[in-house]
Novice: 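Quick one: the structure is below, and I'll ask about it shortly.
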2 protein chains.
Amino acid sequence: MRAHTKPLRESFYVSAAPTVYDVAERSGVSIATVSRVYRNPDAVRAPTRERVLAAARELGYVPSGNARGLASRSTGILGLCFPDYSDPDAEAGEAEDEDPAMLYSDQIIRGMERAARRHGYALLIAASLEGGPESLVAKVAGRVDGFAVLARTVPTEELEVISRRQPVVMLAGPREGDDHLDHLDHVEVANFDGQRELTRHLIEDHGLRRLAYIGSAEESPDVEARFRGYLAACRAGGVEVGDEPDLRVGMMTQAEGARAADVLCARDGERPQALVFANDQMAVGALHTLEQRGLRVPDDVVVTGFDGIPLSRLVRPALTTVRQPMVRLGEAAVDLLVKRLSGARDAEPVSLMLPVTVVRRGSCGCGEGEGGKPGVR
Amino acid sequence: MRAHTKPLRESFYVSAAPTVYDVAERSGVSIATVSRVYRNPDAVRAPTRERVLAAARELGYVPSGNARGLASRSTGILGLCFPDYSDPDAEAGEAEDEDPAMLYSDQIIRGMERAARRHGYALLIAASLEGGPESLVAKVAGRVDGFAVLARTVPTEELEVISRRQPVVMLAGPREGDDHLDHLDHVEVANFDGQRELTRHLIEDHGLRRLAYIGSAEESPDVEARFRGYLAACRAGGVEVGDEPDLRVGMMTQAEGARAADVLCARDGERPQALVFANDQMAVGALHTLEQRGLRVPDDVVVTGFDGIPLSRLVRPALTTVRQPMVRLGEAAVDLLVKRLSGARDAEPVSLMLPVTVVRRGSCGCGEGEGGKPGVR
DNA sequence: TTGAAAGCGCTAACAT
DNA sequence: ATGTTAGCGCTTTCAA
């Protein structure tokens with residue numbers, strides 16, 4: 001027996017936690033048996049098991065996850081790393097309701113948590129916050145069996161290195177052509193298809209010809225893909241377009257959306273028939289400002305968004321948009337990780353493209369039946 | 001040097017992850033130095049440090065969180081355990097939007113995640129799912145520096161034992177009088193006060209006298225506290241009440257709320273002037289059904305909820321309710337944990353009661369100005 | 001500033 | 001069915 005003895009104090013807060021040794025000693029068995037009681041109860045005779053469990057209870061024994069992970073090389077934990085969207089506003093006041101930035105990662109967290117739970121994993125979530133040689137990913141990577149990374153949270157080089165040792169799935173960011181990251185599993189949503197289909201709907205079903213696209217100034221592969229979908233539909237429909245968005249805004253917020261609408265609708269004669277926004281936030285902002293300008297949506301101008309945030313359904317007119325399956329994204333990530341972890345370690349990298357749904361509602365002139373969900377009108 | 005040598009393979013997927021030994025060997029230093037480079041870079045001369053870092057990069061070294069945690073007795077992780085609210089419906093279809101059951105724990109997760117991040121911790125979340133002698137809590141407990149438990153997720157006895165070794169904070173469930181759990185930190189919301197104040201408003205400001213309370217059949221201390229608040233206000237206002245809710249429903253869902261409204265408003269002559277629901281979900285359901293019955297809210301009947309879910313603001317008429325600071329709850333939990341972890345290990349147990357806010361909106365006849373948030377109307 | 005060595009608490013062969 | 005014995009990969013005195 002090892003010199004592992006600890007004073008069995010009676011005071012309430014005990015400094016050192018009891019270990020297998022303590023439990024073993026107290027119940028008169030070996031540490032191996034104690035371990036077995038937890039890992040594989042059936043391998044221990046019932047009376048013995050009872051004694052061990054009793055001793056554990058008396059001592060307040062809780063197995064150390066760290067020691068376990070170290071010895072067994074697995075943790076039962078899946079991870080998620082995402083950028084620190086922290087937002088000055090978020091500090092202040094209520095922040096209770098639909099904060100779009102939160103929602104995005106939150107939906108993914110929801111999906112992952114749910115799926116992880118189904119597979120018996122817990123979820124470790126961490127937002128990148130830089131610091132030292134020890135980036136966040138490394139911290140997470142060292143503690144989980146596999147993890148998902150949102151978009152481009154992490155230097156690809158580092159990811160490349162880590163992903164040699166454990167499953168990593170890349171979320172939402174499109175796979176780069178010639179990147180280091182070709183061997184990662186990867187899940188994205190059909191940005192291109194969604195925007196194309198939505199645009200097609202505007203052109204063909206509503207007969208609109210003068211569209212304006214409002215994109216982002218920041219480089220975002222998602223937004224680019226959406227824009228390309230828009231272009232494709234325009235060209236297919238014989239609508240004349242340049243190869244740049246009509247406007248690029250900085251933040252894709254409601255405020256920017258409102259401003260964009262103001263700018264684009266100012267030139268009265270040539271006002272676009274439709275404002276196609278790269279996300280719902282901007283579109284909602286536009287709706288608001290258009291109303292104030294006395295322009296009716298969809299009669300005077302059609303507005304569309306992208307994302308399918310809850311708010312999009314609740315504004316008036318309800319927003320025609322493309323719904324992204326965020327929760328699914330999280331679920332898919334977990335499923336991929338779990339698959340890798342249970343055998344398929346070196347299967348071919350998988351790349352999933354989750355389908356999106358065009359949601360036709362009032363802001364394009366469709367969807368009378370919308371908004372009829374109980375309690376909301 | 002230990003027999004720790006591993007073949008440096010060139011194939012892409014390497015089986016064993018490199019360790020401090022590998023890095024040490026490759027950079028010609030001792031493992032102690034490698035460790036120092038990560039834990040305390042300044043204790044190592046710059047050139048040495050560079051060499052180590054370079055070797056680490058070449059090898060794809062990632063420190064093992066487990067080994068670290070084991071050796072240093074701390075993880076940098078905070079935990080959250082909550083009940084498995086999993087919901088048959090949740091499996092199906094979209095589940096994208098505001099699902100109240102999710103929202104509840106999700107808001108707390110948001111709050112905790114945010115606060116944890118501020119303090120440099122990551123968050124481990126796990127929903128209880130039973131299984132063997134190793135309950136979820138134990139699993140979480142063994143992997144975090146401290147954790148929060150939602151309501152009565154866990155047998156109190158087990159919690160008692162665990163909480164001797166690490167900080168635990170109990171969320172939302174009221175502290176039992178004579179429980180084992182008196183030494184835990186504890187955060188709840190002012191259910192009693194909130195419901196009392198809301199009810200007082202109905203009685204005194206709107207002059208209502210015939211109220212009906214719709215509570216829950218399941219035992220829930222929160223709902224009980226609300227009901228007691230209601231009673232207190234009624235009695236204070238000289239309104240006659242029994243000591244049981246006028247109706248108790250099973251699930252507190254929209255459907256049940258609708259049914260409750262039907263039942264209570266059926267008896268036409270003595271229809272209540274106000275339906276006071278124990279949560280928003282039910283109230284929203286009631287709004288819907290009342291509209292269909294041709295009863296106008298608030299003119300014919302006043303409706304109120306409790307929780308302050310986003311939906312409450314978006315229905316028409318907007319719902320008068322009591323807003324619970326869920327995100328704050330999560331933040332408070334983290335703050336408490338962090339405080340304990342940084343010194344105050346055996347300070348007196350703290351019990352926080354977070355204030356709630358009565359939100360007066362259309363459904364009680366107040367709040368013309370409400371709903372004016374940009375983009376929502 | 002760096003190295004040597006002793007654990008941290010557990011799991012997993014291998015014995016018995 | 002149970003015990004023995006090595007580690008797992010890192011941190012941390014204590015020396016040098």
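These numbers come from the heavy atoms of this one structure, side chains and all, not from hydrogens, waters or symmetry mates.
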Novice: If I take atom CZ in residue A/Arg39 and atom C1' in nucleotide C/dG9, what distance separates them, rounded to the nearest angstrom?
Specialist: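 Between C1' of C/dG9 and CZ of A/Arg39: 14 Å.
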
Novice: Just to be sure I understand the rule, does B/Ser64 reach a base, reach only the sugar-phosphate, or reach nothing, if contact means heavy atoms closer than 4.0 Å?
Specialist: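 Counting heavy atoms under 4.0 Å across all strands, the contact made by B/Ser64 is with sugar-phosphate only.
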
Novice: Mark yes or no for whether A/Asp145, through its side chain, and A/Gly76, through its backbone, hold a donor-acceptor pair below 3.5 Å.
Specialist: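 The answer is yes, because a donor-acceptor pair under 3.5 Å joins these two groups.
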
Novice: Taking the minimum atom-to-atom distance to the side chain of A/Val20, which one of D/dG9, C/dC10, C/dT11 wins?
Specialist: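 Given the options D/dG9, C/dC10, C/dT11, the side chain of A/Val20 is closest to C/dC10.
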
Novice: Determine whether any donor atom in the side chain of B/Arg36 lies under 3.5 Å from an acceptor atom in the base of C/dG3, or the reverse, and answer yes or no.
Specialist: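 Side chain to base: pair found, below 3.5 Å.
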
Novice: Starting from P on C/dG7, measure out to OH on A/Tyr21 and report it in whole angstrom.
Specialist: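 The answer, rounded to whole Å, is 11 Å.
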
Novice: Is the side chain of B/Arg36 donor-acceptor paired with the backbone N or O of B/Ala43 at a distance under 3.5 Å, no angle test?
Specialist: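 No: the side chain of B/Arg36 does not pair with the backbone of B/Ala43.
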
Novice: CZ of A/Arg51 versus P of D/dT2: gap in Å, rounded?
Specialist: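 Nearest whole value for this atom pair: 8 Å.
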
Novice: C/dG9 P sits how many Å from B/Arg165 CZ, rounded?
Specialist: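 Rounded to the whole Å, the gap is 12 Å.
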
Novice: When the nearest nucleotide of DNA chain C is assigned to B/Ala67 and to B/Arg45 on a heavy-atom basis, which residue is associated with the more 5' position?
Specialist: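 Nearer the 5' end of the strand: B/Arg45.
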
Novice: Report which part of the nucleic acid B/Val34 touches: base, sugar-phosphate, or nothing (heavy-atom distance under 4.0 Å, all strands).
Specialist: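 No contact.
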
Novice: Kindly point out which of D/dT4, D/dT2, C/dC10 is positioned nearest to the side chain of A/Ala32?
Specialist: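 For the A/Ala32 side chain, the nearest candidate turns out to be D/dT4.
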
Novice: Assess whether a salt bridge exists between A/Glu331 and A/Arg118, defined as any Lys/Arg side-chain N lying under 4.0 Å from an Asp/Glu carboxylate O.
Specialist: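 Yes, A/Glu331 and A/Arg118 are salt-bridged.
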
Novice: C/dA4, D/dC10, C/dG9: which one has an atom nearest the side-chain heavy atoms of B/Ser30?
Specialist: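 So the nucleotide nearest the side chain must be C/dA4.
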
Novice: Do A/Thr48 side-chain atoms and A/Val44 backbone N/O form a donor-acceptor pair below 3.5 Å?
Specialist: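 No.
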
Novice: Could you check B/Arg73 against B/Ile31 and say which one's nearest nucleotide on DNA chain C is further toward the 5' end?
Specialist: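 Upstream on the strand: B/Ile31.
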
Novice: Can you measure A/Asp22 atom CG to C/dG9 atom C1' for me and round it to whole angstrom units?
Specialist: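 In whole Å, C/dG9 C1' lies 10 Å from A/Asp22 CG.
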
Novice: Is the phosphate of C/dC10 approached by A/Tyr61 (side-chain N or O, under 4.0 Å from OP1 or OP2)?
Specialist: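 Indeed, a polar side-chain atom of A/Tyr61 lies that close.
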
Novice: Taking the six-membered ring for Trp, is the centroid-to-centroid distance between A/Tyr21 and A/Tyr61 below 6.0 Å?
Specialist: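 Here the rings of A/Tyr61 and A/Tyr21 have centres that are no less than 6.0 Å from each other.
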
Novice: C/dT2 phosphate, OP1 or OP2: any side-chain N/O from B/Thr33 under 4.0 angstrom?
Specialist: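 For B/Thr33, the contact criterion (side-chain N or O under 4.0 Å from OP1 or OP2 of C/dT2) is not met.
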
Novice: Tell me: CZ of B/Arg68 to P of C/dC8, nearest whole Å?
Specialist: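 It is 19 Å, rounded to the nearest whole Å.
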
Novice: What is the distance, to the nearest angstrom, from the CG atom on A/Asp42 to the P atom on D/dA1?
Specialist: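 To the nearest whole Å, that distance equals 10 Å.
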
Novice: Roughly how many Å is it from CG in B/Asn40 to C1' in C/dT2, rounded to a whole number?
Specialist: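 Atom-to-atom, B/Asn40 to C/dT2, this comes out as 13 Å.
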
Novice: Does A/Ser72 make a side-chain N or O approach to OP1 or OP2 of C/dT11 shorter than 4.0 Å?
Specialist: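 For C/dT11, OP1/OP2 do not have a side-chain N/O of A/Ser72 under 4.0 Å.
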
